[in-house]
**Student:** 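First, the structure itself, so that you have it in front of you.
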Amino acid sequence: MALIKCENVSIGYEGQTVVRDLNFHIDSGDYLCIVGENGSGKSTLVKSLLGLKSVESGRILFGDGLKQNEIGYLPQQTDVQKDFPASVYEVVLSGRLNSRGLKPFYSREDRNQAYEKMEMLGIRELEKQCVRDLSGGQRQRVLLARALCATKKLLLLDEPVTGLDPIVTTEFYELIREINRGSGIAVVMVSHDIESAVKDATHILHLQEKVLFFGTAEDYRKSRVGRNFLGGGQDD
Amino acid sequence: MIDTLAEMLSYPFMVRAFTVGALVALCSALLGVSLVLKRYSMIGDGLSHVGFGALAVAAALNMTPLAVAIPVVIVAAVLLLRISGNSKIKGDAAIALISTSSLAVGVMVISVTTGMNTDVYNYMFGSILAMSEDDVRMSIVLSVIVLVLFIFFYQKIFAITFDETFARATGVRAGMYNTLIAVLTAVTIVLGMRMMGALLISSLIIFPALTSMRVCRTFRGVIISSAVVAVICLVAGIMVSYLCSTPAGASVVMANIAALAVFSAVGALRNRGGIH
């Protein structure tokens, strides 16, 4: 059973279908990149995977013990307030909410998890810093740590490198690759950066209102849609 | 100094003003942090005007003021929250529409029934004498409810204030908590309105949060600082009001302005010094 399986999924706003007939699946350990032009329905699909938007038709199935509220989500930068008085520790710890239920306070285990994830992403010494004083790259690591606190199985990243400079972007991709290979956490990344996507990902989902391509990254590179989209950057 | 304080506390109305005022200030400061950060400050202002209309109608119908005002303002709070959440309608315009309409209804009702008298003045700008024994009991009960709910749901309130999308994605029922915050705000506003005045009550929500954010760098720090600042400013304001015979609401706002100035200066100095 796959972690997530989409069967004939169509999603839209007020009767206007944005994406239709999506069929794809994500298995444990996969690194899936969702690519496509602006308005191709990438963000809409993300919302539906998170359960924030209901589908018009079709089904999104969760398997392998994954629950919909246990996806580690890293939102687009624009969705997070930049001028917010909260410490790194407070933000990372809030990723543990989904395992709390109605219990009002965090347990020692929750706090340990938060410290562990901060350690893992090299932001432990920023613990007491205010998130508004961080650089773009540091802030993304904090939000990634929060996402890791929320999941054991699947990270969902929505254009995570937008606005980061090239060096920080490269570091961030490395980090994701390590998490994917080292911890076996499946990664789903919405990306504009097609070159890096094909390099790191195991699978590609190319959207243009419907699925233009779904398969391994290798096959994508050979396919017609992939060659067109990758453009002149490729020799063959 | 101590003599003056003892003299103040020898009047039952002053004890009532301090009790209700401090409790209302505390609750509105806690809720205010979330409202200000979520850009919902205007809701507080809108609700106080709706409260004014409701009080005027209650007086005209000879009903208990709070029994009418609390349900009406709660309904308005839920409504305003819906409007703000819906990006299609211009939220700020809709809030202004509702608040001016309520104000107009209130003024019309009063002028037709009792005429424009000192009651209207007191509703608008607040009166230190406004609190009855019943009000004190009600404020204590409701403040305790607000405090308990706030502490119990503190982590969730933090999550939806910081990043509502993420909170919803991890299974927090953000809509329910937003409604809870709006309802608690409505109750707090109605309780404090007659003392602070319909035009000035929203300052209790907005000032402590903004003041604390000048200096504090964690959410917990902002919450605690807001609560402390709010209560101190309220006590200071009421003392000034008693000593100088100035309206209670305006005096409390003046104290809050002073606190904001001090905290801004401290924040600016710290940034310049580069101390983190």
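Letters go in sequence order (proteins before strands), and every chain restarts at 1.
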**Student:** A:Val131 versus chain B, heavy atoms under 4.5 Å apart: side chain, backbone, both or neither?
**Tutor:** side chain
**Student:** Just wondering, do B:Thr218 and A:Cys130 contact through their side chains at under 4.5 Å, heavy atoms?
**Tutor:** no
**Student:** Atom CG of A:Asn69 and atom CZ of B:Arg168: how far apart are they, to the nearest 0.5 Å?
**Tutor:** 13.5 Å
**Student:** Can you say whether the rings of B:Phe158 and A:Phe84 are parallel (under 30°), tilted (30 to 60°) or perpendicular (over 60°)?
**Tutor:**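 Taking A:Phe84 first and then B:Phe158, their aromatic rings stand perpendicular (interplane angle over 60°).
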**Student:** Side chain, backbone, both or neither: which part of B:Arg173 has an atom under 4.5 Å from a heavy atom of chain A?
**Tutor:** neither
**Student:** Which bit of B:Tyr154 is near chain A, if near means a heavy-atom gap under 4.5 Å: side chain, backbone, both or neither?
**Tutor:**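 Contact with chain A is through the side chain of B:Tyr154 alone.
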**Student:** I need the residue from B:Arg220, B:Met213, B:Lys156 with the largest number of non-hydrogen atom pairs under 4.5 Å to chain A.
**Tutor:** B:Lys156
**Student:** What is the minimum heavy-atom distance between A:Pro75 and B:Asp163, and which atoms define it?
**Tutor:** CG-OD2, 3.4 Å
**Student:** When rounded to the nearest 0.5 angstrom, what is the spacing between CZ in B:Phe219 and OG in A:Ser94?
**Tutor:**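 B:Phe219 CZ to A:Ser94 OG: 11.0 Å, rounded to 0.5 Å.
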**Student:** Under 4.5 Å between any side-chain heavy atoms of B:Gln155 and A:Arg100, yes or no?
**Tutor:**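 B:Gln155 does not reach A:Arg100 side chain to side chain.
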**Student:** Grab the two heavy atoms, one from A:Ile71 and one from B:Thr170, that are nearest each other, plus how far apart they are.
**Tutor:**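 Residues A:Ile71 and B:Thr170, closest heavy atoms: O-CG2, 4.5 Å.
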**Student:** Less than 4.5 Å to any heavy atom of chain A: does that hold for the side chain of B:Ser212, its backbone, both, or neither?
**Tutor:**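 Neither part.
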**Student:** For A:Glu37, is the CD atom crowded, meaning more than 12 foreign heavy atoms sit under 6.0 Å from it?
**Tutor:**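 Counting neighbours around CD of A:Glu37, 12 or fewer heavy atoms of other residues, nucleotides or ligands fall under 6.0 Å, so no.
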**Student:** Assess whether side-chain contact (heavy atoms from CB on, under 4.5 Å) is satisfied between A:Phe105 and B:Ile151, documenting all intermediate values.
**Tutor:** CA-CA 9 Å; A:Phe105 306 112; B:Ile151 292 168; 4.0 Å; yes
**Student:** Rounded to the nearest 0.5 Å, what's the gap from OG1 on B:Thr165 to CG on A:Leu50? Could you check?
**Tutor:**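 Output value for this atom pair is 9.0 Å.
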**Student:** Would you mind telling me which of A:Ser99, A:Gly51, A:Ser87 has the largest number of heavy-atom pairs within less than 4.5 Å of chain B?
**Tutor:** A:Ser87
**Student:** Would you say CE of B:Met254 has more than 12 non-hydrogen atoms from neighbouring residues, nucleotides or ligands within 6.0 angstrom?
**Tutor:** no
**Student:** Got a second to check how far B:Phe162's CZ is from A:Arg146's CZ, nearest 0.5 Å?
**Tutor:** 5.5 Å
**Student:** Output the distance between atom CZ (B:Arg217) and atom CZ (A:Arg132), rounded to the nearest 0.5 Å.
**Tutor:** 6.0 Å
